[in-house]
Amino acid sequence: MNIKKEENCIIFENTDTLSIPLSLDCGQAFRWSENEDGSWHGVVFGRAVNISQNDTTITISGDVHDGDEQLWIDYFDLNRNYSEICKKLCADGYLNKAITEYSGIRILKQDEWEALCSFIISQNNNIPRIKGIVERLCATFGDDLGNGDFSFPSAEKLAGLTVEELSPLRAGFRAKYIIDAAQKVANGEVDLIKMRTCDMDVARAELIKIKGVGAKVAECTLLYGCGRVEAFPVDVWVRRIMSELYPEGLPECTEGVEGIAQQYLFHWRRNLDN
């Protein structure tokens, strides 16, 4: 991989096993939208950017700061060898189908708090409605970045709000869970940074201290926010996958990268009947 820095632009050349459309639109992030020219617009870590792909060249333009290269390397997990991981996963027939059909999905390393809050919102919800609630959350309580873009509001900002003040979001029962999560993160009772490296069972136990956070939201936070690719979120689609394809459990080839396997299987199975 080669990296070039130009004015308001970072270019990654010769990226390995990365599809921008698949990675941004496979159900793991909720603040990306496709532009008419096929590029993608979103806000990441308070930066409003456009991302385009031409074969193995990725161009990130817009609010690009000096020294941001590592931020994007981390966000797209570019230091992890997905070619080797996918080769290992393809030992299983179903994973081979999923990876062949949807090659290039990578796990995004999102902000821990944003991932936790977003997946609290995702409970018993569909993707368009999740995106709508997240958009209203940012527009109402985030910082105005200009051009209709807003940052994701911090836990500290939301911790002081009431359920009534969140009513414009139309988040329903999830509003009280958002506030409880914000309060526990803001006061340090739940340490999301520690969860990047601590024992997985300890991390899970910490997260389920939050009202409304069960196994699925905890695993999503660990996978998509904390970079724990061994986490394995189970929603209705993954439960169906396990019942239909893996009643005896995941194959041995997924050990240590269960979250990557899950993302391929989830996206493949969800689109199988379309």
Side-chain angles (χ1 to χ4, degrees), residues 23-24 26-32 44-45 71 73-82 85-86 88-89 95 105-125 127 130 134 152 154-155 158 174 177-178 180-239 241-242 246 249-251 253-267 270:
S23 296
L24 299 184
C26 66
Q28 58 175 319
F30 305 107
R31 300 206 65 198
W32 291 100
V44 176
F45 297 106
L71 181 150
I73 289 170
D74 292 342
Y75 186 77
F76 287 112
D77 207 13
L78 292 175
N79 281 334
R80 196 183 306 274
N81 191 332
Y82 273 70
I85 290 169
C86 289
K88 173 187 171 186
L89 293 176
L95 276 162
I105 292 177
R106 280 176 174 258
I107 300 299
L108 305 176
K109 172 60 182 73
Q110 302 173 65
D111 173 76
E112 292 89 350
W113 162 243
E114 181 173 342
L116 169 60
C117 191
S118 297
F119 281 98
I120 287 173
I121 290 168
S122 78
Q123 296 180 88
N124 300 313
N125 226 339
I127 289 177
I130 298 164
V134 170
F152 197 92
S154 67
L158 298 182
R174 305 164 192 86
Y177 301 153
I178 293 170
D180 189 70
Q183 290 173 345
K184 286 185 168 68
V185 170
N187 68 23
E189 184 177 347
V190 172
D191 186 346
L192 294 174
I193 303 302
K194 183 178 74 173
M195 293 179 195
R196 297 175 184 173
T197 55
C198 73
D199 178 82
M200 283 290 283
D201 288 337
V202 171
R204 291 173 177 125
E206 287 291 299
L207 285 165
I208 62 175
K209 289 179 182 178
I210 299 167
K211 292 177 183 176
V213 172
K216 182 221 167 185
V217 173
E219 295 294 306
C220 286
T221 303
L222 291 169
L223 178 59
Y224 304 123
C226 301
R228 305 298 295 267
V229 295
E230 68 269 45
F232 188 71
V234 177
D235 71 345
V236 62
W237 287 106
V238 177
R239 192 171 292 110
I241 288 164
M242 297 305 294
Y246 305 109
L250 288 171
C253 65
T254 66
E255 184 176 355
V257 289
E258 291 89 345
I260 296 174
Q262 177 268 164
Q263 196 63 37
Y264 273 106
L265 290 167
F266 167 81
H267 193 66
R270 193 171 57 129

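These values consider heavy atoms only, across backbone and side chains, with no hydrogens, waters or symmetry-generated copies.
- Contact annotation: the side chain of E230 approaches that of M200 to within less than 4.5 Å [non-hydrogen atoms, C-beta and beyond].
- Annotation: side chain of Y82 is not in contact with side chain of V257 (no heavy-atom distance under 4.5 Å).
- Shortest non-hydrogen contact noted between A261 and L95 is O-CD2, 3.8 Å.
- D235 contributes atom CG, which lies 8.5 Å from atom OG of S122 (distance to the nearest 0.5 angstrom).
- To the nearest 0.5 Å, the span separating SG on C26 from CZ on R270 amounts to 7.5 Å.
- Between F30 and Q110, every side-chain heavy-atom pair lies at or beyond the 4.5 Å cut-off.
- Looking only at distances, no side-chain donor or acceptor of S118 sits under 3.5 Å from a matching main-chain atom of A115.
- Taking OH of Y264 as the reference point, atom CD1 of I107 lies at 8.5 Å (rounded to 0.5 Å).
- Considering every non-hydrogen atom in both I127 and G27, the closest pair reads CD1-CA, 4.0 Å.
- Residues T254 and P251 share a closest heavy-atom pair of OG1-O, 2.8 Å.
- Heavy-atom contacts from other residues, nucleotides or ligands closer than 6.0 Å to CD of E255 number 12 or fewer.
- Under a 3.5 Å cut-off, the side chain of R228 and the backbone N or O of M195 do form a donor-acceptor pair.
- Heavy atoms only, all atoms of each residue included: A155 and W113 are closest at N-NE1, 3.3 Å.
- V238 is not listed as a side-chain neighbour of L265, based on a closest heavy-atom distance of 4.5 Å or more.
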> Could you walk me through whether I260 and I105 pass the side-chain contact (heavy atoms from CB on, under 4.5 Å) check?
Replying inline: CA-CA 8 Å; I260 296 174; I105 292 177; over 6 Å; no
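- Side-chain contact between Y246 and I241 is present, with at least one heavy-atom pair separated by less than 4.5 Å.
- Side-chain contact between D77 and K109: absent, with no pair of heavy atoms (C-beta onward) separated by less than 4.5 Å.
- A search for salt bridge (charged side-chain N to carboxylate O under 4.0 Å, His left out) contacts involving D180 returns K184, not counting sequence neighbours.
- In this structure, the side chain to side chain contact (heavy atoms under 4.5 Å, CB included) partners of V217, at least two apart in sequence or on a different chain, are L116, F119, I120, Q123, V213, T221.
- Distance CG/L250 to CE/M242: 4.0 Å, rounded to 0.5 Å.
- Atom CD1 in I193 sits 4.0 Å away from atom CD in E112 (nearest 0.5 Å).
- The side chain to side chain donor-acceptor pair (under 3.5 Å) pairs that include a residue from residues 202-213 are D201-R204, R204-E219, E206-K209, where partners are two or more places apart or lie in different chains.
- Not a single donor-acceptor pair under 3.5 Å links the side chain of R31 to the backbone N or O of V134.
- The side-chain heavy atoms of Y75 and V44, taken from C-beta on, include a pair separated by under 4.5 Å.
- For the atom pair CD of Q28 and OG of S23, the computed distance is 6.5 Å after rounding to the nearest 0.5 Å.
- Residue A218 comes nearest to I208 through the heavy atom pair CB-CG2, 4.3 Å, listed as atom of the first residue, atom of the second, then distance.
- Residues Q262 and L223 have side chains in contact (heavy-atom distance under 4.5 Å, counting atoms from C-beta outward).
- Across C253 and K88, no two heavy atoms sit closer than the pair O-CE, 2.8 Å.
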